[in-house]
Each structure stands twice: as C-alpha cells, then as structure tokens.
Amino acid sequence: MTTILAIESSCDETSASVCVDGKILSNFIANQAVHEKYGGVVPELASRAHMQHIVPVVDAALKTANTSLQQIDAVAFTQAPGLIGSLLVGTQFAKSLSLALDKPLIAVHHMQAHVIANLIPEKKPAFPFLCLTVSGGHTQIVLCESPAKLKVIGETIDDAAGEAFDKSAKLLGLPYPGGPLIDKYAAQGDPNRFKFPEPQIPGLNFSFSGLKTSILYFLKNAGTANVYKEEFTADEATQKKFIEENLADICASIQNRIISILLNKLKKAAAETGITNICIAGGVSANSGLRKALTALGEKMQWQTFIPPFEYCTDNAAMIAMTAYYKFLEKDFANLSVSPSARAEWS
Ligand code: KG4
Ligand code: ZN
C-alpha cells in the first residue's frame, strides 16, 4: 500500500491531500479571501496566508483520510510554476516533513498535475489523450502519451484564458476573480448578441490580448462603435448604464468568444494528431459554458471527452498527489536540495 501526502501552495490556495494507491482519500483546500479587495493576488499576503493555513490544512487532510503521519510513504509538493513566495512555503514544509519522517520527497509540476487531474475519477481517458489546460496563468494543449510523457503542442502567446475572463470582468467592474462571475451572468445572456473578433494565430497557439482590447473599445463606446477602432464616444455614465443594462448579454458574448477560441484550436489539434480522447483541466475548465460546449463538440466529432469534477479543476492538492503517485511508481524522487521555481521549463 502506497500512501502519499501532497501539498499545493503555488498561488492563493493552500491545499493538502492524501492518496492511497492512486485513490484520493482527502483533498482539503483553504482559500484566501484577503486578495479580493485588491483586485488580484498580492504575493506577499499569499505567502503569509499559506504560513497560517498550512498546518491546519495538512492536519485536516490527514484526519479526513483517517491517516497519521507515520503511515505516509512519501511527501509531495508543487515545485513550479507559481508565485515564488507561495511555492517556498509548501516546499520548505514538504522538505522538513520528508526529513523528519525519513520518507522520499516528490517534486511536482503544477501544470502537469492539472492534466493528471483527469486520471483521478473512475472514468479516465486512455492514452494517448489531448488535454486543454486552461488556468489563470496558462493556456496549453498537452499531448499525453503516459503519466510521465506529456508534451505541450500549443500555448498562449500572451494572456491566459483565465486572464481573459478576469481582465474582461475587471473592465465590467466585477470583483476578482471575475471568471466565475462572467460564467454566472452569462447563463442568463444571449451569447450571439455582441460579436468580438477571433484572433488569427497560426498553428495550435492562442492569443487573448486582442480580445481584451476589443472589449475595452466596445465598452468605452457603450457598444455602439466598431470594436477594432480606438474612438471613444461615450462618457463614463453612459458606459456604466450600458454595462448595467446589458451585463448578461455582454458576459455571454465574451464567454462565447473565449470558448470558440479554445475549442477551435482543440479541434485543430485533434485533427492533426488523430487523437479522439479529449480532456480539459485547470481553473477555467470549471466554466459551465466551456463544459457544455466541449461535451456538445465531443458528441459531434465522436470524441471521448473527460472533464474532472469541479474540486479537481481549480488549484488543489489531489492533482499533486495523483501525479506524485505515478512518480512514486517510477521512483522519481527529489533531492532535499531541490528549490522551487516561479517559471519552470516543462520537462
Ligand atoms: O487553475 P486555477 O485555479 O489557478 C491557476 O493555476 O491559475 O485557475 C484560476 C483561474 C482564474 O482566472 C479564474 O477566474 C478562472 O480560473 N475560473 C473560471 C471559472 N472558475 C475559475 N473562469 C471562468 N469560469 C469559471 N467558472
Ligand atoms: Zn492551477
């Protein structure tokens, strides 16, 4: 029996999970409300909050799994990428625990773990599969040949999909993180009411910065002028009124465009590779419009589609534990001198 304790602290969620033989027994997540009033994650505050949360979160994960530290066979942690101060808290905690328990240490890449989250549920994709990983910091299409053989075949050249949601929400005056709010308002809106441009980016790469600019121009003109032109005609009160009166349709139209950008590239990747097992992962895969659109597209294209449950989409330690489990089987252990990295290369 292999029992792994995993810790995730790459951004603003402190999470711990216990996994036994590839089955997740607990996944405890502490969110940090402290960032809301700043309109984004404040790195220094995130590190401090991780310091406060890490012991109770690990305790809760062990208790829920009915496990003690003495039963742990390996300690896993998120090594990269992320906010360096946040990563340091989890790394140091995991290293200390590994040293004190005299058990192996396993370093996990956060983006690979988002992909491996698809292997947590009973219904899992067979290899090879493609995974569209969409989070606050990344947008990637990953080709997975085995748990250890993951290759990025497409990625964003500027903003991530989550940033596109969050920055659009900010333009609409919505609080951070705006992604889930756009999702909520979009549910009552008409996705075809407003048309935002689709970027023409070659290959399997994505771009979202043009969309953000077009939304800015569109709002500054209160929806009356061409979204490509920088000619601001509406005063602030008119802009505000326009947003208030059309919020659901604006959110639905923005969401619709973000989804079409993502799914058109995914379609292209499936056609180029001939792979029909298709997954999504990352915080944005919690988006209900994306989940619905992927399922519909999958039926049309005769793909097998896989969408992790919500709790494994946004940042969580269960995905770290699952990735670590496969690394444990390969005896892929880290040295105690390992350090975290904000921007790790994909290995
Ligand atoms: O993977 P994640 O939890 O953290 C990162 O590693 O970045 O992703 C966070 C991102 C944020 O941009 C957030 O707005 C977005 O995921 N997000 C959503 C939804 N839930 C979270 N975006 C759209 N719709 C949602 N329901
Ligand atoms: Zn993430």
Side-chain angles (χ1 to χ4, degrees), residues 6-15 17 27 29-32 35-36 39-41 43 46 50 77-84 86-87 90 108-118 131-140 142 155-156 159-172 174-187 189 191 208 211-212 251-259 261-263 279-294 307-320 322-323 342-344 346:
I7 290 150
E8 152 67 29
S9 72
S10 65
C11 190
D12 60 340
E13 264 104 22
T14 320
S15 180
S17 168
N27 180 41
I29 305 170
N31 303 106
Q32 303 180 358
H35 308 288
E36 256 166 43
V41 177
H50 283 306
F77 69 101
T78 305
Q79 189 240 336
L83 299 171
I84 194 67
S86 291
L87 288 165
V108 174
H109 192 292
H110 181 87
M111 296 312 296
Q112 293 183 354
H114 269 304
V115 176
I116 299 299
N118 280 284
C131 182
L132 172 70
T133 315
V134 273
S135 73
H138 297 82
T139 300
Q140 298 175 327
V142 182
E155 61 191 326
T156 183
D159 288 349
E163 272 176 298
F165 271 106
D166 296 340
K167 288 179 178 176
S168 305
K170 198 169 181 183
L171 293 173
L172 293 168
L174 301 173
Y176 177 87
L181 291 170
I182 293 203
D183 190 357
K184 187 180 125 197
Y185 291 118
F208 289 99
L211 175 65
K212 183 189 64 191
C251 287
S253 301
I254 293 172
Q255 181 169 297
N256 189 37
R257 177 51 80 214
I258 296 174
I259 292 171
I261 293 172
L262 293 171
L263 294 189
C279 307
I280 51 171
V284 179
S285 60
N287 182 267
S288 53
L290 178 59
R291 294 165 88 91
K292 228 184 274 165
L294 177 68
I307 305 178
F310 281 103
E311 67 170 315
Y312 304 136
C313 286
T314 48
D315 288 350
N316 67 88
M319 66 184 194
I320 307 299
M322 199 65 187
T323 311
R343 297 201 149 269
W346 189 279

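In each ligand, atom 1 is the first atom listed, and ligand 1 is the first ligand listed.
At the top of the distance list for atom 22 (N) of ligand 1, counting protein heavy atoms only, stands Gly179 CA, 3.5 Å. Among all protein heavy atoms, the one lying closest to atom 2 (P) of ligand 1 is Asp315 OD1, 3.4 Å.
Between Leu87 and Thr78, the closest heavy-atom pair is CD2-O, 3.5 Å. A pairwise comparison of heavy atoms in Pro308 and Cys313 identifies O-SG, 3.4 Å as the closest pair. The two residues Asn316 and Met319 have their closest heavy-atom pair at OD1-N, 2.8 Å.
With Asn27 contributing its side chain and Ala318 its backbone, the two residues share a donor-acceptor pair below 3.5 Å. The backbone N or O of Ile280 sits less than 3.5 Å from a side-chain atom of Asn118, completing a donor-acceptor pair. At least one donor-acceptor pair under 3.5 Å links the side chain of Asp183 to the backbone N or O of Ser288. A donor-acceptor distance shorter than 3.5 angstrom exists from the side chain of Ser15 to the backbone of Ala317, with no hydrogens or angles considered. Using a distance-only test at 3.5 Å, with no hydrogens or angles considered, a donor-acceptor pair links the side chain of Thr139 to the main chain of Ala161. Using modelled atom types, no side-chain atom of Asn31 and backbone atom of Glu13 make a donor-acceptor pair closer than 3.5 Å. Listed for the His50 side chain is a donor-acceptor partner under 3.5 Å among the backbone atoms of Cys11. Side-chain N or O atoms of Arg291 include one that pairs as donor or acceptor with a backbone N or O of Ser285 at under 3.5 Å.
Polar contact check, Gly136 against ligand 1: a nitrogen or oxygen pair lies under 3.5 Å apart. Residue Gly282 places no N or O, backbone or side chain, under 3.5 Å from any N or O of ligand 1. Annotation: His114 places an N or O atom under 3.5 Å from an N or O atom of ligand 1; distance criterion only. Below 3.5 Å of separation, one finds an N or O of Asn287 facing an N or O of ligand 1. Among the atoms of Thr314, none of the N or O lies under 3.5 angstrom from an N or O of ligand 1.
Those atoms of ligand 1 with a heavy atom of His110 less than 4.0 angstrom away are 6 (O). Contact atoms of ligand 1 toward Gly162: 12 (O) (distance under 4.0 Å to a heavy atom of the residue). Close contacts of ligand 1 with Gly283, meaning ligand atoms under 4.0 Å from a residue heavy atom, involve 1 (O), 2 (P), 3 (O), 8 (O), 16 (O), 17 (N), 18 (C), 19 (C), 20 (N), 21 (C). Near Ala286, meaning under 4.0 Å from any of its heavy atoms, are these atoms of ligand 1: 20 (N), 26 (N). Listed by atom number, the atoms of ligand 1 under 4.0 Å from Gly137 heavy atoms are 7 (O).
Contact between Pro180 and ligand 1 is present, with at least one heavy atom of the residue lying under 4.0 Å from the ligand.
Counting heavy atoms from C-beta outward, Tyr176 and Val41 have side chains that approach closer than 4.5 Å.
Across Leu181, Thr78, Asp166, heavy-atom proximity to atom 13 (C) of ligand 1 is greatest for Asp166. Relative to atom 15 (C) of ligand 1, the option among Asn316, Val284, Leu290 with the closest non-hydrogen atom is Val284.
Under 4.0 angstrom from ligand 1, the non-hydrogen atoms of Asp183 all belong to its side chain.
For Gln79, there are no side chain to side chain donor-acceptor pair (under 3.5 Å) partners, not counting sequence neighbours.
Protein N, O or S atom count below 2.8 Å of the Zn ion (ligand 2): the structure gives 3.
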Report task. Go through Ser17 and Met322 one step at a time and tell me if the side chain to side chain contact (heavy atoms under 4.5 Å, CB included) criterion holds. Result -> CA-CA 9 Å; Ser17 168; Met322 199 65 187; over 6 Å; no

